[in-house]
Student: 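Right, I'll just put the structure down here and ask away after.
Quick note: numbers below take in every heavy atom, side chains included, and nothing from hydrogens, waters or symmetry partners. For ligands, and for the atoms within them, numbers begin at 1 and follow the listed sequence. If you're wondering where the values come from, they're calculated on a predicted model, not measured in any experiment.
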Amino acid sequence: MAQRFTAAITGLFAVPASQAVEKLTEGQPPSAVQRAKLAETQVGRARPKAEFKTISCSNEFPRHPKSGERSVMHILIRLAKARDVPLLSKLIAASVRGLQAADYSAAQLESALRTVYGVDTQLISDGTYFAAEETESSGAPLLVGCGGWSKRRTLYGGDQFAGREDSLLDPATDAAKIRAFFVHPAWARRGIGGKILEACEAAAWAAGFRRLERGATLTGVPFYRAKGYVELEAAEVPLGDGLTLPIVRMGKRALELGREAKSW
Ligand SMILES: CC(C)(COP(=O)(O)OP(=O)(O)OC[C@H]1O[C@@H](n2cnc3c(N)ncnc32)[C@H](O)[C@@H]1OP(=O)(O)O)[C@@H](O)C(=O)NCCC(=O)NCCS
């Protein structure tokens, strides 16, 4: 199982990396105008194609080429570590506020950020949560995406979520859970979510699981559909104050999972 690999993205980014760094580190919610722009650029419209290829399996962090090849961006998919948690939390908030605004109200999003969305440190401890890391030419690491899988029953929710069930699943009979996928708005539709999902599916397959399921946000449904998942049932996550978060339980069958895992 390749848990670490680097991928080179060729093609120019619509949002300069420096701007995205600013957004991520400041962790500020976008203004109404920014949200409208994000909705326009993120929902239903792919950005210029990004090309991924595996270029190394080394533990060395990839750097940008010195000159003349500045359009090549390096993304490292690696296991998340406990020290990543503060940046992951900012990334999750930026992703939710930037990418889910067309599907949920601001009240739903802010409530979900308080009670449901967040880092599940159990996944980090289990070694089943991935971070997508990009480096500036200065070499400063930047987290642009995250997502994981789980051998435990909890279907969704960060550490703060009350409805957790951390007992272990049986790979022979149970579906592994796909968990907590978030890509920074400035890096959406570049294939990063897809690469993290491939890493999760391969790891779950290697652990003996032959089915996967997840509780998908409405924003995530087209992504999972594109990756071979089918809708199983609609559900509502209680958020308090009379609010709920509509989600969709989605699953993927063994045949599709096996074929993709083998060809990965
Ligand atoms: C869902 C999410 C993780 C997808 O990440 P991503 O890196 O943008 O996804 P990819 O670039 O790998 O997309 C792969 C394919 O999925 C489909 N897809 C992804 N986002 C889509 C969208 N908004 N509308 C329609 N199709 C979409 C497309 O087929 C896409 O391929 P294409 O770009 O060549 O058309 C990202 O949108 C996100 O973080 N959303 C906010 C948080 C969230 O709701 N997470 C889901 C939790 S269930």
Student: As a quick check of understanding, evaluate side-chain hydrogen bond (donor to acceptor under 3.5 Å, both in side chains) for Y117 and Q160, giving each step before the final call.
Tutor: CA-CA 8 Å; Y117 296 137; Q160 82 278 31; over 6 Å; no
Student: Are Q122 and D166 packed together at the side-chain level, in the sense that at least one heavy-atom pair is separated by less than 4.5 angstrom?
Tutor: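 They are in contact (side-chain heavy atoms under 4.5 Å apart), so the answer is yes.
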Student: Could you check which of V221, D103, V183, T219 puts a non-hydrogen atom nearest to atom 39 (O) of ligand 1?
Tutor: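 It is V183 whose heavy atom sits nearest to atom 39 (O) of ligand 1.
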Student: For R225 and ligand 1, answer yes if some heavy atom of the residue is under 4.0 Å from a ligand atom, otherwise no.
Tutor: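 Per 4.0 Å heavy-atom rule, R225 does not contact ligand 1.
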Student: Which residue in the set D84, D120, L88 passes side-chain contact (heavy atoms from CB on, under 4.5 Å) when paired with Y129?
Tutor: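 Going through D84, D120, L88 one by one, the side-chain contact (heavy atoms from CB on, under 4.5 Å) with Y129 is satisfied by L88 alone.
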Student: side-chain hydrogen bond (donor to acceptor under 3.5 Å, both in side chains) for Y224 and R214? Distances and angles first, verdict last.
Tutor: CA-CA 9 Å; Y224 291 105; R214 74 146 308 126; 2.7 Å; yes
Student: In the structure I gave you, are the side-chain heavy atoms of V144 and E133 within less than 4.5 Å of one another anywhere?
Tutor: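 Not touching, per the 4.5 Å side-chain cut-off.
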Student: Hey, does Y224 sit under 4.0 Å from ligand 1 if you only count heavy atoms?
Tutor: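 It does, in that a heavy atom of Y224 comes within the 4.0 Å cut-off of ligand 1.
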Student: Report yes if the side chains of W149 and F209 come closer than 4.5 Å at any heavy-atom pair, otherwise no.
Tutor: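 W149 reaches F209 side chain to side chain.
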Student: Report, in ascending order of atom number, the atoms of ligand 1 lying under 4.0 Å from any heavy atom of R190.
Tutor: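 Near R190, the atoms of ligand 1 are 11 (O).
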Student: Quick one: which ligand 1 atoms are inside 4.0 Å of a heavy atom on L99?
Tutor: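 Result: 36 (C), 37 (O), 38 (C), 39 (O), 40 (N), 41 (C).
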Student: Between the main-chain N or O of V183 and the side-chain N or O of S95, is there a donor-acceptor pair closer than 3.5 Å?
Tutor: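 At least one qualifying donor-acceptor pair exists.
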Student: Name the option, out of R97, Q100, E198, that contains the heavy atom nearest to atom 44 (O) of ligand 1.
Tutor: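 Going through R97, Q100, E198 one by one, Q100 has the nearest heavy atom to atom 44 (O) of ligand 1.
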Student: Using a 3.5 Å cut-off on N or O atoms only, is A226 in polar contact with ligand 1?
Tutor: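 Looking only at distances, the answer is no, because the N/O contact criterion of under 3.5 Å is not met.
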Student: State whether the side chain of R114 and the backbone N or O of L109 hold a donor-acceptor pair below 3.5 Å, judged by distance alone.
Tutor: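 Looks like no, no N/O pair under 3.5 Å.
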Student: On a heavy-atom basis, I'd like to know which of F181, Y156, Y104 is closest to atom 45 (N) of ligand 1.
Tutor: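 Checking each option, the heavy atom nearest atom 45 (N) of ligand 1 is found in F181.
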Student: For ligand 1, which atoms sit closer than 4.0 Å to a heavy atom of A216?
Tutor: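 Listed by number with element, the hits are 48 (S).
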Student: Can you sort out which atoms of ligand 1 are near A188, meaning under 4.0 Å from one of its heavy atoms?
Tutor: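 Answer for ligand 1: 8 (O).
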Student: Decide whether an N or O pair under 3.5 Å exists between T217 and ligand 1.
Tutor: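 Right, the criterion is met.
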Student: If you apply the rule salt bridge (charged side-chain N to carboxylate O under 4.0 Å, His left out), what do you find for E213 with K252, and how did you get there?
Tutor: CA-CA 6 Å; E213 71 171 15; K252 189 164 181 173; over 6 Å; no
Student: A quick test of your reading: do over 12 heavy atoms of other residues, nucleotides or ligands sit less than 6.0 Å from CG of D170?
Tutor: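 Enclosed.
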Student: Assess V96 for proximity to ligand 1: is some non-hydrogen atom of it under 4.0 Å away?
Tutor: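 V96 does not count as a contact of ligand 1 under the 4.0 Å cut-off.
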Student: Taking only heavy atoms of G194, which atoms of ligand 1 are found under 4.0 Å from at least one of them?
Tutor: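 It comes down to these atoms of ligand 1: 12 (O).
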Student: Return a yes/no value for P222: is any of its N or O atoms, backbone included, closer than 3.5 angstrom to an N or O of ligand 1?
Tutor: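 No, there is no polar N/O contact under 3.5 Å.
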Student: N/O to N/O below 3.5 Å, does that happen between G191 and ligand 1?
Tutor: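 So ligand 1 has an N or O lying under 3.5 Å from an N or O of G191.
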Student: Take the angle between the ring planes of F223 and F181 and call it parallel below 30°, perpendicular above 60°, tilted in between.
Tutor: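 Rings of F223 and F181: tilted, as their planes differ by 30° to 60°.
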Student: Does an N or O anywhere in R214 fall below 3.5 Å from an N or O of ligand 1?
Tutor: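 Min N/O separation from ligand 1 is not below 3.5 Å for R214.
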Student: Do any nitrogen or oxygen atoms of G193 lie less than 3.5 angstrom from nitrogen or oxygen atoms of ligand 1?
Tutor: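 In this structure, G193 places an N or O atom under 3.5 Å from an N or O of ligand 1.
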Student: Below 3.5 Å, N or O to N or O, backbone or side chain included: is there any such pair between W187 and ligand 1?
Tutor: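 For ligand 1, there is no N or O atom that lies under 3.5 Å from one belonging to W187.
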Student: Linking Ile, Leu, Val, Met, Phe, Trp and Tyr through side-chain heavy atoms less than 4.5 Å apart, which residues share a cluster with L232?
Tutor: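 Its cluster partners, ordered by chain and number, are V230.
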Student: Tell me the nearest of F182, Y117, F223 to atom 1 (C) of ligand 1, using heavy-atom distances.
Tutor: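 Going through F182, Y117, F223 one by one, F223 has the nearest heavy atom to atom 1 (C) of ligand 1.
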